Protein chains: 2
Amino acid sequence: MTDLPLAEDAPARAIRSTIDRVLAEVNALSEGGPGWTRPSYSDLESHAHALIEAEARALGMSVSRDHAGNLFARMEGRDPSLPALHCGSHLDTVAEGGAFDGQAGVAAALALVAAMREAGVTPEADFVLTVTRAEESVWFPVSYIGSRAALGRLLPEELEALRVDTGRTLAEHMREQGFDPDALMRAEPPKPARFLEFHIEQGPVLDRAGEPYGIVSAIRGGLRYRAAEVHGTWAHSGGAPREGRADAVVAFADLVMAMDRAWETFLSRGADLTVTFGKVDAASPAHAMAKVPGELAFCLDLRSEDVTVLEAADRVLREEIRRIETERPGIRFDLGTQSRSQPARLSPAMIDWVAGGAARRGDQPRRMLSGGGHDAAAFASAGWDSVMVFIRNWNGSHCPDEGMDPADLARAVEAVFAALSGNGSP
Amino acid sequence: MTDLPLAEDAPARAIRSTIDRVLAEVNALSEGGPGWTRPSYSDLESHAHALIEAEARALGMSVSRDHAGNLFARMEGRDPSLPALHCGSHLDTVAEGGAFDGQAGVAAALALVAAMREAGVTPEADFVLTVTRAEESVWFPVSYIGSRAALGRLLPEELEALRVDTGRTLAEHMREQGFDPDALMRAEPPKPARFLEFHIEQGPVLDRAGEPYGIVSAIRGGLRYRAAEVHGTWAHSGGAPREGRADAVVAFADLVMAMDRAWETFLSRGADLTVTFGKVDAASPAHAMAKVPGELAFCLDLRSEDVTVLEAADRVLREEIRRIETERPGIRFDLGTQSRSQPARLSPAMIDWVAGGAARRGDQPRRMLSGGGHDAAAFASAGWDSVMVFIRNWNGSHCPDEGMDPADLARAVEAVFAALSGNGSP
């Protein structure tokens, strides 16, 4: 699609000013640099939710929270019998994260309301700004905590997960922020409705193609080992001969290269897969330059749109570990607990509805895959008709340099605004 | 050699009881477990030196310290014109180190004096118990600090090295322990004499062969990168496609496997070499399961008895880095500062003298290589006739489980006692 200049009408101005203001407000909150750090169920995340509540109230929306602290702000539609259109994202970040992952989607939802108010548009169905808690699974080893809690899908044992920095449970952190995990477990799940999430792409596809936004048709699922270990034998670096060593770093390097080759093979067969060893720790007080390392800890994250590919990659992982343990006596891998998030197909009707709005604006956004997991995956898994709109970004994501042009986000919001103003409902 | 039972005569009893008592005294001092931690130029190291001073005084020796805090305790010989025989080791440990690395050699030297006193033997040359400071280079990035200081070979700029745990300079730590780095720099180097060091082997050679002790003919030198880094590009683990990734962990794994293959090639050509990546750190606050890692820090320790092999291995390292940087755009290695310790040949005359004592005891210890660096290497480099006696150990070294049978150490001490009692001088 070409970069058409947009007529600077009042709704467009409202969209742009809302996006700029909301991003600036939320990004004023951080534990300190580099980048932005707002942990899940931290005071900073609660503070960011309070800012959005104030924005929603200023737009005349009625505000509520559920027992997990998810925020809902409603703008009533013309037909209360229709399933509501929820729209939003999250406000927590990874440690040393960026200025857009999460907050861009919340700003976009508020911008849609501001544009409808400005244009005097009443949506056909209720429009519910939905700000989730705790989407980033780096803090608690649980996926989509807030959205799964909102959907009645958080498990009681997941409330006992420990936050990596504080060592305290999710339930304790929820209570500390004023919420009620016991009541949450007793709550009835809501009736499925519809969910729309704007988010930066996180990958480089749109940026490389020179396209401002795209429509997501599926979200990759994940198969993860967050606390895997290699056990070998400590020895003296100058005294231990090559034969007889059980070097945890060499065994790990062997696994990394084997999984990297396996990844290439999967892709060459047309399978969708990513393989990432995101954390490696052989730097404890026991590790030293003059010691053959006897221990190493690591994370492994496999993602695919196809659950059978994840399972096949997991089988390759276990075969390679068996091979390494056989070839390198004294080496033993312990993968620890496996966690998963299911791949999610998004709603063809919602995809067509967004594409219709884009066409009215003169855009032809591509259909694409989401590599990252998102709250939209939790809503889709719970039977909600869901869709995502990706905004091009650069410098990757989950890092201080996340790049996004607010004009690209505004353009995507305009497309959805055109859809809401037109046919009104997917 | 066979395990002959030893007649339990008075000198043998003195050797055994001195070894047991000194090891127990020194190993009562530690920052806390696992294992033993006595940092270089710590209060604990000074306390251990004070214990040995008390032991030496009880044996009637005259005690002095140099400006770096090395301890010298002298037992006068029959012929003051002969170069003295220095004998000792160090009392600092790595973090979470073992019960024998260093302290066994100090206990052995005291045991020799106790045996000579018990048997009424006066050595031919002065016998100088020599307890060095700061042998373990994990605390300050400088090799053989204490012995090189004693030899007038510590460089002024090395006094500015920072201790890894405190961030303060070597000079500050020396002063804090009551010593005088300025006077040290002005001191005249001593005239070369002779040096004998008992030490656990640190490797598994003697243990696998079932031999209680051996005589060291050469000490491997080292070529080290203590603070090397891989720089790549941070990205989202699910969003960044395979092509275009610059994953620091994968690039590092590529280097580890390449150097492991190169090591095998060097050995197959008969070269002496060890290759160890002892520390790997990709676990900073910026690293996460859901991020392609953009940074990794590591140590590399190359050791050989032959400096030309070290240089050839370093060339292979740089070639492999160039290959990886070419094959993986966006990856850049920074090896940081290189440090070296020179390989050392020990004294054939001293080796024969120890072997003669062993023969009198009925033992035929093997000649072997030292993989670890030792103070004896610093003395040898300064032109001292030096020798080491290795004691078999198990479970490796520089770890809490370092294993050594005090009876093996006693047997080696008996051999040297026989040498001192016999011909008297190498």
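Nothing here was measured: the structure is a model prediction, and the numbers come from that model. The figures that follow rest on heavy atoms only: side chains count, while hydrogens, waters and symmetry mates do not.
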Exercise for review: Heavy-atom pairs under 4.5 Å with chain A are the metric here; pick the option from B:Ala282, B:Pro400, B:Gly372 that has the most.
Suggested key: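 Heavy-atom pair counts peak at B:Ala282.
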Exercise for review: Name the member of B:Met259, B:Lys279, B:His287 that forms the most heavy-atom pairs with chain A at distances under 4.5 Å.
Suggested key: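 Most pairs with chain A among the choices: B:Lys279.
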Does any heavy atom of chain B fall under 4.5 Å from the side chain of [X], the backbone, both, or neither of them?
X: A:Val275; result: backbone
X: A:Val250; result: both
X: A:Glu264; result: both
X: A:Leu267; result: side chain
X: A:Asp401; result: neither

Do you know which of [options] has the most heavy-atom pairs under 4.5 Å to chain B?
options: A:Gly244, A:Ala253, A:Gly203; answer: A:Ala253
options: A:Gln202, A:Glu136, A:Glu201; answer: A:Gln202
options: A:Ser304, A:Ser137, A:Ala283; answer: A:Ala283
options: A:Pro34, A:Cys399, A:Pro204; answer: A:Pro204
options: A:Ser397, A:Cys299, A:Ala288; answer: A:Ala288
options: A:Tyr225, A:Trp263, A:Phe298, A:Phe277; answer: A:Trp263

Review point. How far does CG of B:Asp260 sit from CG of A:Asp254, to the nearest 0.5 angstrom?
Key: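 Answer rounded to 0.5 Å: 8.5 Å.
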Review point. When rounded to the nearest 0.5 angstrom, what distance separates OG in A:Ser284 from CD in B:Glu96?
Key: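 Those atoms lie 6.5 Å apart.
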Point to revise | Neighbours of chain A found in residues 226-242 of chain B - heavy atoms under 4.5 Å | key: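 Listed by number, the contacting residues are B:Arg226, B:Trp234, B:Ala235, B:His236, B:Ser237, B:Gly238, B:Gly239, B:Ala240, B:Pro241, B:Arg242.
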Check your understanding: So which part of B:Val292 gets closer than 4.5 Å to some heavy atom of chain A, the side chain, the backbone, both or neither?
Key ->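 Both the backbone and the side chain of B:Val292 come within 4.5 Å of chain A.
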For residues [X] and [Y], determine if any side-chain heavy atom of one lies less than 4.5 Å from a side-chain heavy atom of the other.
X: B:Met289; Y: A:Arg224; result: yes
X: A:Arg245; Y: B:Thr274; result: yes
X: A:Phe252; Y: B:Val249; result: yes

Check your understanding: Looking only at heavy atoms, which two atoms of A:Ala95 and B:Pro285 are closest? And how far apart?
Key ->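 Heavy-atom minimum between the residues: CB-O, 3.6 Å.
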Review point. Closest heavy-atom contact between B:His398 and A:Ala290?
Key: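 The answer is ND1-O, 3.7 Å.
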Point to revise | Residue list, salt bridge (charged side-chain N to carboxylate O under 4.0 Å, His left out) with A:Glu243, at least two apart or on another chain | key: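 Result, salt bridge (charged side-chain N to carboxylate O under 4.0 Å, His left out) vs A:Glu243: none returned.
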